[in-house]
Amino acid sequence: AAKRSTVDGPYADQWEHGDQYLEAQEGAMVYGDLAPGTTQNYRTGCAHWLVFCLVREKPPFPWRESAMAMRWYEEELPSWAAPEYFVMGNKASTIKTKWMAVRHECLGRGIADPLKHRPRLWRAYNALRRLDGPLERRYPANVAMLRWLWRRLGGGTEWDKAVVAVAMLL
C-alpha cells in the first residue's frame with residue numbers, strides 16, 4: 001500500500017522529500033544566475049570538457065587548490081582548445097564560451113576560478129582569435145532591397161517569388 005503523507009497542502013512534497021528538495025533548491029540557487037540558453041550552452045560545453053578529460057584519463061576538476069593543481073589546470077585548458085580549434089573547426093569565441101562553462105561549473109562546486117590570473121591561457125585565446133581573422137560582416141537586406149528583387153523576378157518561378165515574399169515578412 002502506498003504511504004500517505006502526514007502533511008497535506010502545497011508544502012507536502014517539501015515535507016516528504018525535505019533533504020532532496022533543499023538540495024535541488026540549493027542547486028537552482030547556485031546555478032540559476034544564467035539565462036536558459038546560456039545554461040544549455042554551458043551544460044554542453046562542460047560535457048565536452050568531461051569527455052575530453054575522460055579520454056585523457058585526467059580529473060576534470062582540480063582535486064585541490066594548490067599551486068600545482070591550478071598549474072595543471074592551466075595546461076589542460078589550452079590542450080583542450082587545440083583539438084577544438086584545429087580539428088573540430090570551432091572559432092575562438094566558441095572555445096571561450098566552453099572555458100566559461102568550465103569556470104561556471106568550478107565556481108558552482110566551490111572550486112577556485114580556473115581562468116583568473118592565467119595570462120598564458122588568455123594569450124592562447126588571443127592567438128586563436130587572431131587566427132580567426134577579421135570578422136565577416138553580414139549586411140541585412142532591407143525592405144527596399146527586397147521590393148527591388150521582387151520587381152526583378154517578374155519572370156521568376158513561383159518558388160522564387162514565395163521565398164522573397166517570406167523574406168519580406170521576416
Side-chain angles (χ1 to χ4, degrees), residues 17 19-143 145-146 149 159-160 162-170:
H17 308 286
D19 288 342
Q20 291 104 353
Y21 175 78
L22 290 176
E23 286 174 12
Q25 295 307 314
E26 178 186 358
M29 263 184 357
V30 170
Y31 293 105
D33 62 333
L34 301 174
T38 306
T39 303
Q40 183 60 41
N41 286 343
Y42 279 9
R43 190 174 299 129
T44 303
C46 201
H48 291 179
W49 170 247
L50 292 173
V51 168
F52 177 79
C53 291
L54 182 70
V55 168
R56 291 171 53 104
E57 298 178 352
K58 303 280 187 175
F61 303 106
W63 56 95
R64 60 186 178 280
E65 293 182 27
S66 69
M68 284 302 293
M70 295 310 282
R71 172 73 175 161
W72 171 84
Y73 217 58
E74 185 180 5
E75 292 293 327
E76 284 302 304
L77 286 169
S79 296
W80 179 38
E84 287 282 331
Y85 187 86
F86 295 107
V87 177
M88 301 298 294
N90 288 328
K91 297 281 187 188
S93 59
T94 303
I95 292 168
K96 181 180 177 185
T97 300
K98 290 183 177 193
W99 284 356
M100 290 299 160
V102 173
R103 174 185 179 269
H104 188 260
E105 186 64 29
C106 284
L107 294 176
R109 292 172 179 259
I111 301 171
D113 185 347
L115 306 180
K116 189 175 183 182
H117 305 303
R118 303 282 180 250
R120 295 176 69 240
L121 195 63
W122 294 110
R123 289 181 72 184
Y125 166 71
N126 287 332
L128 293 177
R129 206 175 67 190
R130 195 171 44 257
L131 287 173
D132 280 347
L135 228 66
E136 184 178 323
R137 299 286 179 196
R138 295 184 212 146
Y139 299 101
N142 60 31
V143 175
M145 291 176 181
L146 293 173
L149 184 60
W159 176 253
D160 294 335
V163 169
V164 173
V166 168
M168 290 176 79
L169 294 174
L170 298 177

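Every heavy atom of this structure was used, including side-chain atoms; hydrogens, water molecules and symmetry mates were not. We're numbering straight along the sequence, starting at 1.
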Q: Would you name the heavy atoms of Trp80 and Val102 that are closest together and state the gap between them?
A: CZ3-CG2, 3.8 Å
Q: Kindly check if the number of other-residue, nucleotide or ligand heavy atoms within 6.0 Å of CZ (Arg123) is above 12?
A: no
Q: May I ask you to test the Thr97-Tyr42 pair for a side-chain heavy-atom distance under 4.5 Å?
A: yes
Q | Close side-chain approach of Trp49 to Glu105, heavy-atom, < 4.5 Å | A | no
Q | NE2-CG distance between His48 and Leu50, expressed to the nearest 0.5 angstrom | A | 10.5 Å
(Q) Quick check against the 3.5 Å criterion: does Tyr73 have a side-chain atom that pairs as donor or acceptor with the backbone of Pro60? (A) yes
Q: Would you give the length of the straight line joining atom NE2 of His117 to atom CD of Glu74, rounded to the nearest 0.5 angstrom?
A: 12.0 Å
Q.
Within the 4.5 Å heavy-atom criterion, are Trp122 and Lys96 side-chain neighbours or not?
A. yes
Q: For Glu75 and Arg120, run side-chain contact (heavy atoms from CB on, under 4.5 Å): C-alpha distance rounded to whole Å, both residues' side-chain angles, the deciding distance at 0.1 Å, then the answer.
A: CA-CA 9 Å; Glu75 292 293 327; Arg120 295 176 69 240; 2.6 Å; yes
Q.
Is there a side-chain contact between Tyr125 and Leu77 in this structure, where contact means two heavy atoms from C-beta onward sitting under 4.5 Å apart?
A. no
Q: Taking all non-hydrogen atoms of both residues into account, name the closest pair between Ala81 and Leu128 and its distance.
A: CB-CD1, 4.1 Å
**Q.** Point-to-point distance, once rounded to the nearest 0.5 Å, from CG of Leu107 to CZ of Arg109
**A.** 12.0 Å
Q) Can you tell if the side chain of Asp132 reaches within under 4.5 Å of the side chain of Tyr85, non-hydrogen atoms only? A) yes
Q: Considering non-hydrogen atoms only, spot the tightest contact between Cys46 and Phe61 and give its length.
A: SG-CZ, 4.4 Å
Q: Measure the shortest side-chain to side-chain distance between Asp113 and Cys106 over non-hydrogen atoms and say whether it is less than 4.5 angstrom.
A: no
Q) Hey, are the side chains of Leu115 and Met100 touching, using non-hydrogen atoms and a 4.5 Å cut-off? A) yes
Q: Taking the side chain as every heavy atom from C-beta outward, state whether Phe52 and Glu76 have any atom pair closer than 4.5 Å.
A: yes
Q) Could you give the distance from CG (Leu121) to CG (Asn126), rounded to the nearest 0.5 Å? A) 10.0 Å
Q: Can you see which heavy atom on Asn90 is nearest to which on Lys98, and at what distance?
A: ND2-NZ, 3.6 Å
